Amino acid sequence: MRRGPRNALTDVPGLAVGHAQDERLKSGVTAILCDPPAVGAVSIIGGAPGTRETDLLEPHNSVQTVDALCLAGGSAFGLDAASGVQAALRAMGRGLKVGPAIVPIVPAAILFDLNNGGDKNWGTYAPYRDLGYTAAMAAADEVATGSVGAGTGANTATVKGGLGTASTILGSGITVGALAAVNPLGSATIGDTACFWAAPFELEEEFGGLGLPVPLPENATAIRTKLDAVTPMANTTIAVIATDVSLTKAEAKRLAVAAHDGFSRALWPSHTPLDGDLVFALSTGRRPGNLSPADFLALCAAAAATMARAIARGVHDATPAEGDIRPCWHDLQPKKP
């Protein structure tokens, strides 16, 4: 496996990503636009999800493709962001055509960042619809990481979270891309060290190149969570896995399920009752499908590895801001052995 040229979700042809954030709010939105519409699916394993339009992604339901995905902070308030993305797509003339009407299909998911030190006194209406519109209009090939978009106000149990992305090109030429807004109940780093749980999958020192600590610290498996901190129950990692190979909705669903293994490789603990962990899957269909069982297995394994890398990059790339309640990973002053 090797990284794509951008090491980003947008290495998958047909996808563009845009962010919008409010630094005072300490929250934001990330929009993933599909041109043309892509086959979509979702797998929800966390116990506390917040979503919009996810039922239509099930393989047995009628709508086959989506025009965009939306990830947002703001807990349930952030679901308004999808309306902004939808408005931007409508202005572009993009969406499902139903007679003379155009209906952009925009599934969405949110994470909880309300108690992160930002000013949430927004008045009558939350700002997420406007942030969603701005994010969609800003969609491009280059993807900023760290404290941006849906990852602006994210935190882990130990350090700031953030928005991460990564890509993999398989030997077959198939591209897999991942993007994650990382706000888990647990931790992305091992014990008291700055080393990432995702270290075995790192490519080209993309999140520090520290590898695994040797020996593992005695507290490596200690369960570190936000339950006893300032932000109890303020969690959830939401993510997208995408590929350029043509998949059915059922195959895309299996790809989303496989990508959840990347959560387990990058976060300890993950998929808890207090996380709303969710993975959307997209297939842009630029390469022919009908994969052999061995090729589909390789695709699913790459999805998990790429997701783990995206999660680690989101934490690694976070930057400090006024009012933070967690230090950044770089504040740990990691040193290579």
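What you see is a predicted model; the values in this text were computed from it and never measured. FYI, side chains are in, hydrogens and waters are out, and symmetry mates aren't considered; it's all heavy atoms of this structure.
- Hydrophobic clustering, with ILVMFWY side chains joined whenever heavy atoms are under 4.5 angstrom apart, groups Ile105 together with Ile44.
- Looking at Glu206 and Arg309, a side-chain N of the basic residue comes within less than 4.0 Å of a carboxylate O on the acidic one, giving a salt bridge.
- Although no hydrogens or angles enter the test, the distance criterion places a donor-acceptor pair under 3.5 Å between the side chain of Ser167 and the main chain of Gly4.
- In this structure, the side chains of Pro288 and Ser246 stay at 4.5 Å or more apart for every pair of heavy atoms.
- The distance from atom NE2 of His271 to atom CG of Asp277, rounded to the nearest 0.5 Å, is 5.0 Å.
- Looking at heavy atoms from C-beta onward, His19 lies in side-chain contact with Val143 at the 4.5 angstrom threshold.
- In this structure, Asp113 contributes its side chain and Asn116 its backbone to no donor-acceptor pair below 3.5 Å.
- Proximity of Val85 to Tyr133: side-chain heavy atoms (C-beta onward) are nowhere separated by under 4.5 Å.
- Contact of the Val240 side chain with the Leu282 side chain is registered, since non-hydrogen atoms from C-beta on lie closer than 4.5 Å.
- Looking only at atom types and distance, the side chain of Thr272 has a donor-acceptor partner in the side chain of Asp275 under 3.5 Å away.
- Judged purely by atom type and a 3.5 angstrom limit, Gln21 uses its side chain to pair as donor or acceptor with the backbone of Gly149.
- Side chains of Ile102 and Arg94 form no contact here, defined as non-hydrogen atoms less than 4.5 Å apart.
- Side-chain N/O atoms of Thr158 and Ser187 include a donor and acceptor closer than 3.5 Å.
- Across all their heavy atoms, Gly162 and Ala154 have their closest contact at N-CB, 3.8 Å.
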Where do Leu291 and Ile174 land on the side chain to side chain contact (heavy atoms under 4.5 Å, CB included) test, with the steps shown first?
-> CA-CA 11 Å; Leu291 299 180; Ile174 293 171; 4.0 Å; yes
Full working for side chain to side chain contact (heavy atoms under 4.5 Å, CB included) between Ile223 and Trp268 | CA-CA 7 Å; Ile223 299 175; Trp268 171 249; 4.1 Å; yes
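- One hydrophobic cluster, built from ILVMFWY side chains closer than 4.5 Å, holds both Leu179 and Phe280.
- A donor-acceptor distance shorter than 3.5 angstrom exists from the side chain of Thr193 to the backbone of Ile190, with no hydrogens or angles considered.
- From Asn115, atom CG reaches atom CD1 of Ile325 across 8.0 Å, with rounding to the nearest 0.5 Å.
- Pairing each heavy atom of Val176 with each of Ile241, the nearest pair is CG1-CD1, 3.8 Å.
- One N or O on the side chain of Ser283 and one on the backbone of Val245 form a donor-acceptor pair closer than 3.5 Å.
- Rounded to the nearest 0.5 Å, atoms OG1 (Thr165) and CD1 (Ile32) are 9.0 Å apart.
- Cluster annotation: Leu170 is not connected to Leu297 through the hydrophobic network of ILVMFWY side chains, with a link wherever side-chain heavy atoms come within less than 4.5 Å.
- Atom-to-atom distance recorded for Cys195:SG and Leu210:CG is 5.0 Å, nearest 0.5 angstrom.
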Verdict with supporting geometry, Ile169 and Arg3, side chain to side chain contact (heavy atoms under 4.5 Å, CB included) | CA-CA 6 Å; Ile169 300 178; Arg3 293 173 15 168; over 6 Å; no
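- Heavy-atom contacts from other residues, nucleotides or ligands closer than 6.0 Å to CZ of Arg265 number 12 or fewer.
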Go through the steps for Thr156 and Thr189 under the test side chain to side chain contact (heavy atoms under 4.5 Å, CB included), then give the verdict.
-> CA-CA 9 Å; Thr156 77; Thr189 53; over 6 Å; no
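- One N or O on the side chain of Lys249 and one on the backbone of Glu58 form a donor-acceptor pair closer than 3.5 Å.
- Counting all heavy atoms, side chain and backbone alike, Met307 lies closest to Val279 at CE-CG1, 4.2 Å.
- Each of Leu131 and Leu71 belongs to its own hydrophobic cluster when Ile, Leu, Val, Met, Phe, Trp and Tyr are linked at side-chain heavy-atom distances under 4.5 angstrom.
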Decide side chain to side chain donor-acceptor pair (under 3.5 Å) for Arg287 and Thr243; before the verdict, give the C-alpha distance in whole Å, the side-chain angles of both, and the deciding distance to 0.1 Å.
-> CA-CA 9 Å; Arg287 299 176 65 89; Thr243 183; over 6 Å; no
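- Remark: side-chain polar atoms of Asp130 are not paired, donor with acceptor, to backbone N or O of Pro127 under 3.5 angstrom.
- In this structure, Val182 is not a member of the same hydrophobic cluster as Val17, with clusters built from ILVMFWY side-chain heavy atoms closer than 4.5 Å.
- For the pair Asp67 and Gln86, the minimum side-chain heavy-atom distance is 4.5 Å or more.
- A 6.0 Å sphere centred on CG of Asn290 holds no more than 12 heavy atoms belonging to other residues, nucleotides or ligands.
- Between the Glu202 side chain and the Ala199 main chain, no donor and acceptor come within less than 3.5 Å of each other.
- There is a side-chain donor-acceptor pair under 3.5 Å between Thr168 and Thr306.
- Scanning all heavy atoms of the two residues, the minimum distance from Arg313 to Phe207 falls at CG-CD2, 4.0 Å.
- Between the OG atom of Ser62 and the NE2 atom of His60 there is a distance of 9.5 Å, given to the nearest 0.5 Å.
- Trp329 places no side-chain N or O within donor-acceptor distance of the main-chain N or O of Val159, the cut-off being under 3.5 Å.
- Between Asp192 and Arg224 there is a salt bridge, with a side-chain nitrogen of the basic residue lying less than 4.0 Å from a carboxylate oxygen of the acidic one.
- Residue-environment remark: CZ (Arg129) stays at or below the threshold of 12 foreign heavy atoms within 6.0 Å.
- Contact annotation: the side chain of Leu267 never approaches that of Trp197 to less than 4.5 Å [non-hydrogen atoms, C-beta and beyond].
- Counting all heavy atoms, side chain and backbone alike, Ala136 lies closest to Ala88 at CB-CB, 3.6 Å.
- Counting heavy atoms from C-beta outward, Leu185 and Leu227 have side chains that approach closer than 4.5 Å.
- Under a 3.5 Å cut-off, the side chain of Thr284 and the backbone N or O of Pro13 do form a donor-acceptor pair.
- To the nearest 0.5 Å, the span separating CZ on Phe112 from OG1 on Thr236 amounts to 10.0 Å.
- Using a cut-off of 4.0 Å between Lys/Arg side-chain N and Asp/Glu carboxylate O, Asp324 and Lys26 are scored as salt-bridged.
- Ser27 and Tyr128 share a donor-acceptor pair across their side chains, judged by distance under 3.5 Å alone.
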